[in-house]
Amino acid sequence: MQTFDRKQLGFFPTPLTELPCLSRKLGGPRIMIKRDDLSGLALGGNKTRKLEFLIGDALAKGCDTIITGGAEQSNHCRQTAAAAALCGLDCHLVLGGSEPEALQGNILLDHLLGANIHWSGQFRKGERIPDLVRELEGKGRRPYVIPYGGSNEIGALGFVEAVRELNQQILQQDLGLTHIVFASSSGGTQAGFVVGSTLYGAEYRLIGIEIDKGEIGEHSFRSHVESLVSRTAALVGVSTANISDAVELRNDYVGAGYAVVGDLEREAIKLLAQTEGILVDPVYTGRAFGGCVDMIRRGEFSSRDTVLFWHTGGAPALFSYADAVVKKDDNKSAKKD
Ligand SMILES: *Cc1c(COP(=O)(O)O)cnc(C)c1O
């Protein structure tokens, strides 16, 4: 890959380790995990990879203010606030809905990281961003707008690079990886994976677990990801025949919709915590890992396969979903008194 502007924000490579207790418990294939939750930027997560290129671009363009938006408990916004703080940039976050009573999870961290928080109220989150840009420019600032989830072709470069990183680890550890399973929500992770595996070569299948129901604007999620793949490929300079074959998406685990915690997520969070001591989150990785476990139980993988779950982070949101994730007497039977 040619060189793009990049600002180091995290610690890479992230660990790639095996989950032997989980494999044994499920009687399934060999299971590995890639720990992007340990990327190192303000409690970590997959957005760190994208932000290295997005913030690199903002700095190269001489911008002094970062604007982005997301849901109330956005991990992307929290990592963006941290990246801005560490680079001496101002940060404005436009978050969905109105200010909640309790400062918890990622919003607590957004405050600590010094972000200016704007609540979108009855407006759609994105609607306020152009006004905010004009207002800040009027005050002589040079704002840089990062899209939801950091998912444009520049952010996706982070996951093109992640494929190179993974392929090196595969070589070092002599792994015969057959599948990667991951959460797909704003599409940048998946687009980067697809372009990276074209650029660097990959023997494994990439399986994105859809997190949200329905469309992004007027487009289906699939067409959104495919167009992001084309733009990222064009930026990197690789050709993309068969994009739609390379974009594998599963929409059977969206449950009652975005951020609605169901049995799938509750069980998955506890399973991984109690077999391997690793925490996944209620919105993204709990759902994607739950999907991965379901696929293992259904026998979608053979015992010769090696399945990698890519942990994209999010555990700081657990605290704001405490009531949805666990009921107080859940562990009673396990207590030894
Ligand atoms: C943003 C996010 C994802 C989804 O990544 P996209 O690139 O937006 O598809 C997955 N997991 C967590 C924890 C996230 O914050």
Side-chain angles (χ1 to χ4, degrees), residues 10 14 33-39 41-54 68-83 93 95 105-106 109-110 146-163 180-196 206-212 216 221-222 224-229 231-232 247-251 253-254 258-259 261 265 268-269 272 278-292 309-321:
T14 56
I33 192 165
K34 177 75 167 151
R35 300 293 303 273
D36 274 10
D37 57 319
L38 302 179
S39 69
L41 179 68
L43 304 184
N46 65 336
K47 303 311 181 303
T48 308
R49 293 188 185 275
K50 302 178 185 184
L51 285 163
E52 290 205 338
F53 290 93
L54 291 160
T68 197
E72 179 195 300
Q73 282 296 327
S74 166
N75 301 299
H76 160 67
C77 288
R78 180 242 315 155
Q79 287 164 88
T80 301
L93 303 177
L95 302 182
N106 283 310
L109 304 180
D110 295 341
I146 295 179
Y148 294 140
S151 282
N152 58 15
E153 56 274 39
I154 295 172
L157 292 174
F159 276 88
V160 175
E161 185 57 22
V163 171
I180 301 181
V181 179
F182 57 96
S184 195
S185 175
S186 67
T189 299
Q190 188 156 16
F193 276 152
V194 168
V195 173
L206 296 159
I207 305 174
I209 307 287
E210 281 188 50
I211 300 302
D212 313 8
I216 292 197
F221 183 60
R222 161 170 285 282
H224 167 79
V225 176
E226 288 178 3
S227 110
L228 201 46
V229 170
R231 281 179 281 139
T232 308
V247 175
E248 182 170 349
L249 276 167
R250 300 285 299 253
N251 67 0
Y253 301 110
V254 292
Y258 180 78
V261 180
E265 293 80 20
I269 291 168
L272 190 59
I278 295 172
L279 299 168
V280 286
D281 83 283
V283 180
Y284 300 94
T285 46
R287 182 163 289 177
F289 179 67
C292 184
F309 177 70
W310 199 292
H311 192 331
T312 45
L318 273 172
F319 302 99
S320 67
Y321 287 86

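Both counts, for ligands and for their atoms, begin at 1 and track the order of listing.
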Looking at Tyr284, does the NZ or CZ of Lys47 lie under 6.0 angstrom from its six-membered ring centre and within 45 degrees of the ring axis? yes
Could you tell me, for ligand 1, which of its N or O atoms are under 3.5 Å from any protein N or O, listing the pairs and their distances rounded to 0.1 Å?
residue: ligand 1; atom: 5 (O); partner: Asn46; partner atom: ND2; Å: 3.1
residue: ligand 1; atom: 5 (O); partner: Thr189; partner atom: OG1; Å: 3.4
residue: ligand 1; atom: 7 (O); partner: Lys50; partner atom: NZ; Å: 2.6
residue: ligand 1; atom: 7 (O); partner: Gly188; partner atom: N; Å: 3.4
residue: ligand 1; atom: 7 (O); partner: Thr189; partner atom: N; Å: 2.9
residue: ligand 1; atom: 7 (O); partner: Thr189; partner atom: OG1; Å: 2.6
residue: ligand 1; atom: 8 (O); partner: Ser186; partner atom: N; Å: 2.9
residue: ligand 1; atom: 8 (O); partner: Ser186; partner atom: OG; Å: 2.5
residue: ligand 1; atom: 9 (O); partner: Ser185; partner atom: N; Å: 2.7
residue: ligand 1; atom: 9 (O); partner: Ser186; partner atom: N; Å: 3.0
residue: ligand 1; atom: 9 (O); partner: Gly187; partner atom: N; Å: 3.0
residue: ligand 1; atom: 11 (N); partner: Thr312; partner atom: OG1; Å: 2.6
residue: ligand 1; atom: 15 (O); partner: Lys47; partner atom: NZ; Å: 2.9
residue: ligand 1; atom: 15 (O); partner: Asn75; partner atom: ND2; Å: 3.0

Can you tell if the side chain of Asn251 reaches within under 4.5 Å of the side chain of Arg222, non-hydrogen atoms only? no
In a check of side chain to side chain contact (heavy atoms under 4.5 Å, CB included) between Thr232 and each of Ile154, Val194, Val195, which one passes? Val195
What I want to check is whether the side chains of Ser74 and Arg78 have a donor and an acceptor closer together than 3.5 Å. no
Got Ser186 and Lys50 here, is their nearest side-chain heavy-atom distance under 4.5 Å? yes
Does Glu265 reach the main-chain N or O of Pro282 with its side chain, forming a donor-acceptor pair under 3.5 Å? no
